[in-house]
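First comes the structure, then the notes that go with it.
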Amino acid sequence: MRLGRALPCGARFASAAVALAIVQMCGFAQSSTRCPRFPVGSVITAPEDLFSENGVIDVSFTYQTTTDQYGNTLYCFVNSDGAQSPTLHIHPGDRLRIKLTNDVPAPTGSSSATMAAMPGMTISGSPSSACGAMTMTAASVNIHYHGTNTPPTCHQDEVIRTLINSGQTFQYDVQFPSDEPPGLYWYHPHVHGISEPAVQGGASGALIVEGIQNVNPMVAGLPQQLLIIRDNLVPGNPTPGGSIPSWDISLNYTPVPYPAFTPAVIQMKPEARQLWRVLNASADTIIDLQLQYDGTVQPLEVVALDGVPTGSQDGTSRGNGFTETDILLAPAARAEFIVTGPSSDVQNAKLMTLNVDTGPDGDNDPMRPIASIQANDNAPEPPLVPYVSGPPPKERFEGLNRERPTAYRKLYFSEVLSNPTNPNSPTNFYITVDGQTPTLFSPDTPPAIVTTQGSVEDWTIENRSMENHEFHIHQLHFLVLEQNGVPVNSGQYLDTIQVPYWSGTGPYPSVKVRMDFRGPLTGDFVYHCHILGHEDGGMMAIIPVNPPHRDGGHN
Ligand SMILES: [Cu+2]
């Protein structure tokens with residue numbers, strides 16, 4: 001259910017209170033040079049690549065905003081040489097230093113006071129518990145390093161208490177572990193209540209942990225294309241249904257808008273083999289990728305999902321690929337796969353998303369093209385994946401499948417109208433431990449689950465609502481054990497997984513996953529639905545992971 005409201009400045013929010021605060025601040029300075037987007041039908045280009053040197057990436061970002069010609073609010077991260085959303089190439093063990101300055105204008109009028117009055121919008125307790133600013137505004141920002149196994153501490157991957165307000169500068173210094181699986185990750189704002197408009201505005205970029213060729217050598221030396229799908233409001237805000245999507249999508253900032261859905265263009269040398277690294281950086285849109293040449297479905301040789309090389313965690317440290325004809329990508333999910341480009345004879349080669357059945361209360365994510373692929377002898381050669389440079393790295397999740405769980409838990413997604421007698425009232429979204437009372441997210445709510453570093457926990461997550469939800473937890477990847485009670489033997493680790501909608505009768509759809517708290521990280525991990533409208537609407541919670549000496553037993 002998406003009962004957000006269309007606002008004059010183009011934003012849409014699940015929470016009426018947030019909408020009220022935002023509507024009072026519409027009127028950002030407009031500039032055509034900020035957050036530029038490519039014309040419809042453009043040949044895509046890759047973002048700028050930044051590489052670590054001597055184990056460090058040191059970059060300055062400004063967070064900017066503008067309004068596009070359709071009235072939609074755009075956001076972007078821009079580095080000091082003017083590049084938008086550069087791709088950050090990290091080696092395991094590196095440090096990522098981002099000096100982030102918030103150049104989004106301060107909200108005007110009383111919106112700051114309005115937000116400060118809302119639950120969860122101020123950092124309670126002493127100033128020492130805050131990280132940056134104490135009070136959230138409609139211009140607040142922070143950065144989440146999605147999928148990375150980095151610490152949830154201030155100045156690293158902390159999203160609950162980190163607020164960087166208009167005019168403020170904040171130094172990130174994120175330490176990547178030496179056993180981070182090599183693959184595709186990403187960064188995006190994560191301020192609860194306004195994460196959906198920030199991500200739909202386009203403030204997101206890719207993080208690549210280097211070294212996939214040492215795990216899955218089949219990709220060594222292949223040209224690689226980075227493909228980033230984002231979503232945004234449909235201009236004019238037509239009622240979704242049929243071919244009218246709930247959200248438009250874009251590819252590498254080239255819009256693919258309703259109603260014509262003119263695709264972006266990918267140029268390739270004829271029949272070239274390439275590694276496609278696809279990030280669904282949508283806030284809300286579920287994608288089901290398929291590649292078709294003149295109507296014939298093409299094989300996709302999957303080599304990594306959510307940054308973890310496929311087949312790499314079975315004790316051999318060697319990955320292997322498998323072939324799919326379509327790949328479901330939840331918002332935030334990544335898939336890396338090998339494709340063979342069309343020959344010159346192919347008339348109509350297209351990358352598309354198939355229709356996704358999100359449930360009776362879900363968004364409309366219809367079938368539509370994303371890109372047309374043009375075979376062209378003169379197509380520029382994308383950068384190559386490096387050649388194999390060493391043995392596969394140590395497995396991060398070694399032996400997890402053989403561990404005996406220290407706890408079994410059941411959680412569920414649910415949602416209700418905030419005013420059950422008014423179908424147009426905003427929806428309250430919950431993620432709840434079975435047996436407890438559903439509660440909207442607040443950083444000050446006592447946690448429903450506390451655990452201890454070293455634990456291994458099996459969580460069953462049910463969907464008791466009539467739309468899909470996408471479970472995500474920070475700081476770790478989980479092993480997928482079961483879907484709807486049926487064992488999954490892929491041995492795959494993910495950081496985001498879809499739990500399909502409940503039809504209204506019969507058992508609740510579910511997934512069972514194994515959580516690995518054996519790593520060195522402690523602190524407050526958060527878990528939530530990665531449909532960001534749902535997260536902003538309350539579907540998030542904290543699990544404190546305590547060091548063993550503070551809590552001798554498992555909880
Ligand atoms: Cu959801």
Side-chain angles (χ1 to χ4, degrees), residues 1-4 12-15 18 120 144 146-147 159 188-200 229-231 240 245-247 249 280-288 306 328-333 356-365 410-418 425-434 438-442 448 459-474 478 480 483-484 494-504 508-511 513 526-543:
M1 195 174 296
R2 192 205 71 217
L3 291 173
R12 182 188 280 159
F13 299 90
S15 153
V18 173
H144 171 46
H146 183 111
V159 297
H188 66 84
H190 202 301
V191 176
H192 177 68
I194 55 172
S195 64
E196 180 193 45
V199 171
Q200 290 208 327
I229 299 164
R230 297 180 176 87
D231 64 357
S246 291
W247 317 99
I249 56 176
N280 184 6
S282 300
D284 301 302
T285 305
I286 306 164
I287 296 290
D288 189 359
D306 286 359
L328 187 86
L329 280 181
V356 177
D357 179 6
T358 67
D361 289 343
D363 285 353
N364 190 33
D365 295 334
K410 183 189 280 189
L411 294 82
Y412 66 94
F413 289 114
S414 65
E415 53 187 77
V416 295
L417 290 172
S418 54
S425 64
T427 302
N428 287 336
F429 293 92
Y430 303 105
I431 185 164
T432 309
V433 173
D434 192 35
T439 307
L440 297 176
F441 173 77
S442 163
W459 290 17
T460 299
I461 302 149
E462 291 181 346
N463 189 343
R464 301 183 185 176
S465 77
M466 295 174 79
E467 69 170 312
N468 293 352
H469 296 293
E470 321 293 326
F471 180 83
H472 169 55
I473 185 166
H474 293 204
F478 45 77
V480 183
Q483 288 183 299
N484 293 325
L494 302 174
D495 58 52
T496 309
I497 188 167
Q498 176 159 291
V499 191
Y501 67 89
W502 183 51
S503 66
Y508 298 117
S510 66
V511 299
V513 299
V526 299
Y527 54 93
H528 60 90
C529 176
H530 219 293
I531 293 177
L532 292 180
H534 301 175
E535 187 248 281
D536 286 338
M539 206 169 240
M540 183 159 82
I542 295 171
I543 171 171

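Every number for a ligand or one of its atoms is a count from 1 in the order of the listing.
Proximity of a side-chain donor or acceptor of Thr358 to a complementary backbone N or O of Asp363 within less than 3.5 Å is detected. Checked by atom type and distance alone, the side chain of Asn463 never pairs as donor or acceptor with a backbone atom of Tyr412 at under 3.5 Å.
Closest of all the heavy-atom pairs between Asn468 and Ile531 is O-CD1, 3.6 Å.
Coordination check, Cys529 versus the Cu ion (ligand 1): passed, since an N/O/S atom of the residue sits under 2.8 Å.
Looking only at N/O/S atoms, His469 comes nearest to the Cu ion (ligand 1) through ND1. For the Cu ion (ligand 1), the nearest N, O or S atom contributed by His534 is named ND1.
Taking the six-membered ring where the residue is Trp, Tyr527 and Phe471 present tilted rings, their angle falling between 30° and 60°.
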